[in-house]
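For reference, the structure discussed in these notes is given below.
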Amino acid sequence: MSDTKILVIGANGQLGSVLVKELQRKYGLENIIASDIRSNESFNGLFEKLDATNFDAMQELIVKHSITQIYHLAAILSAKGEQDPLWTWDLNMKMMLNVFEVARLTKIEKVFFPSSIAVYGDAIDRNNTSQNSFLNPATVYGMSKAAGENWAQYYFDKYGLDVRSLRYPGVIGHQSMPGGGTTDYAVDIYHAAVKGKNYECFLDHDTELPMIFMEDAIRATIELMEAPKENIKTRTSYNIAGMNFTPAEISSSIQEYYPNFNVNYKPDYRQKIADKWPKSINDDEAKDDWNWKPTYDLKSMTKVMIEKLKLKFQASSAEI
Ligand code: SER
């Protein structure tokens, strides 16, 4: 029997809700403690309501459940963060520092801290952006992630805390909805198509961004966390790539299934955010250090997204 007890913070979110199920499958329902600031009545498993800005509450929960690993997924994302910059900074930094400091004090074995392509800004080559490119983020979300990466390195160097991190591209899944991000369009567009609607896109047709299918994102996260400690040579955060595409390319791939599907482009304030991000990222370090390999491209992702969303919408209309 494993002694692993995992706390997931932000378990109701886009990634958290899917990650929790995979961790439960792998480690057993009783070994995963899901937590979020919002309660979750329909949750299957152990759930604790937690405000991650509350240091004492976090510490109590960790002691109560003899937690050995933390996945900290709660954050305000890029687009929403720009609506209230100081609040976003306070919240993202407070939660992240609470996690690192509580983890140090309670001798947590491993911590997962997600970073993002939002750490990059003007100074990069936007094609195949390398792991060690200069970071000058243009959003508060990106600034908080870049600072978090440095804190991760600091806690590792100074205290030996085993923090591991990925720079996620836009994550696309059928299981859950994103909220407040610049890459959210790439999930919303499938929902519109499967519901038989057209889509109004807040990014322009030729805005290329790095993206990853949910299955690959979850697998990357768990593979990174399960890799032998000595393989983890990057202690800030690893670039991981899945695929890159523009809104025009994703809509063409959807039109293979829905030929009449139409997208109207109406760029808004999120266009400026996307314009500073990489078009594609280089993940050689992840491949070399812990054998990262994505499996989905745009075509195979579109097939699964459409199949799964159709089933989901059929089931929910059958319930009504
Ligand atoms: N998906 C995130 C966002 O758009 C990027 O990490 O904010």
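As the structure is a prediction and not an experimental result, all values here were calculated from the model. Each ligand, and each atom within it, is numbered from 1 in the order the structure gives.
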Inset, instruction - Go through ligand 1 atom by atom and flag the ones less than 4.0 Å from a non-hydrogen atom of Ser78. - result: 3 (C), 4 (O), 7 (O)

Legend entry - N/O separation below 3.5 Å, Trp277 to ligand 1: no

Legend entry - Under 4.0 Å to a heavy atom of Leu77 - the qualifying atoms of ligand 1, by number: 7 (O)

Inset, instruction - Report yes or no: does a heavy atom of Tyr185 sit under 4.0 Å from some atom of ligand 1? - result: no

Legend entry - Atoms in ligand 1 with a heavy atom of Ser116 nearer than 4.0 Å: 5 (C), 6 (O)

Legend entry - Closest approach of any protein heavy atom to atom 1 (N) of ligand 1, naming residue and atom: Thr183 OG1, 2.8 Å

Inset, instruction - Hey, could you give me the NZ/OG1 distance between Lys272 and Thr139, rounded to the nearest 0.5 Å? - result: 13.5 Å

Inset, instruction - Among Asn150, Ile124, Val119, find the one that has a side chain to side chain contact (heavy atoms under 4.5 Å, CB included) with Leu135. - result: Val119

Legend entry - Sub-4.0 Å heavy-atom contact, Ile117 with ligand 1: no

Legend entry - side-chain hydrogen bond (donor to acceptor under 3.5 Å, both in side chains) pairs, two or more places apart, involving residues 225-234: Tyr27-Glu226

Legend entry - Thr182: numbered ligand 1 atoms lying under 4.0 Å from its heavy atoms: 3 (C), 4 (O), 7 (O)

Legend entry - Straight-line distance of Met95 CE to Ile37 CD1, nearest 0.5 Å: 8.0 Å

Inset, instruction - Indicate yes or no: does an N/O atom of Asp184 lie under 3.5 Å from an N/O atom of ligand 1? - result: no

Inset, instruction - Identify whether the distance between the nearest side-chain nitrogen and carboxylate oxygen of Arg164 and Asp162 falls below 4.0 Å. - result: yes

Legend entry - Reported CD-to-CG distance for the pair Gln175 and Leu19, which is rounded to 0.5 angstrom: 11.5 Å

Inset, instruction - Keeping the roles fixed (side chain from Ser280, backbone from Asn128), state whether a donor-acceptor pair exists under 3.5 Å. - result: yes

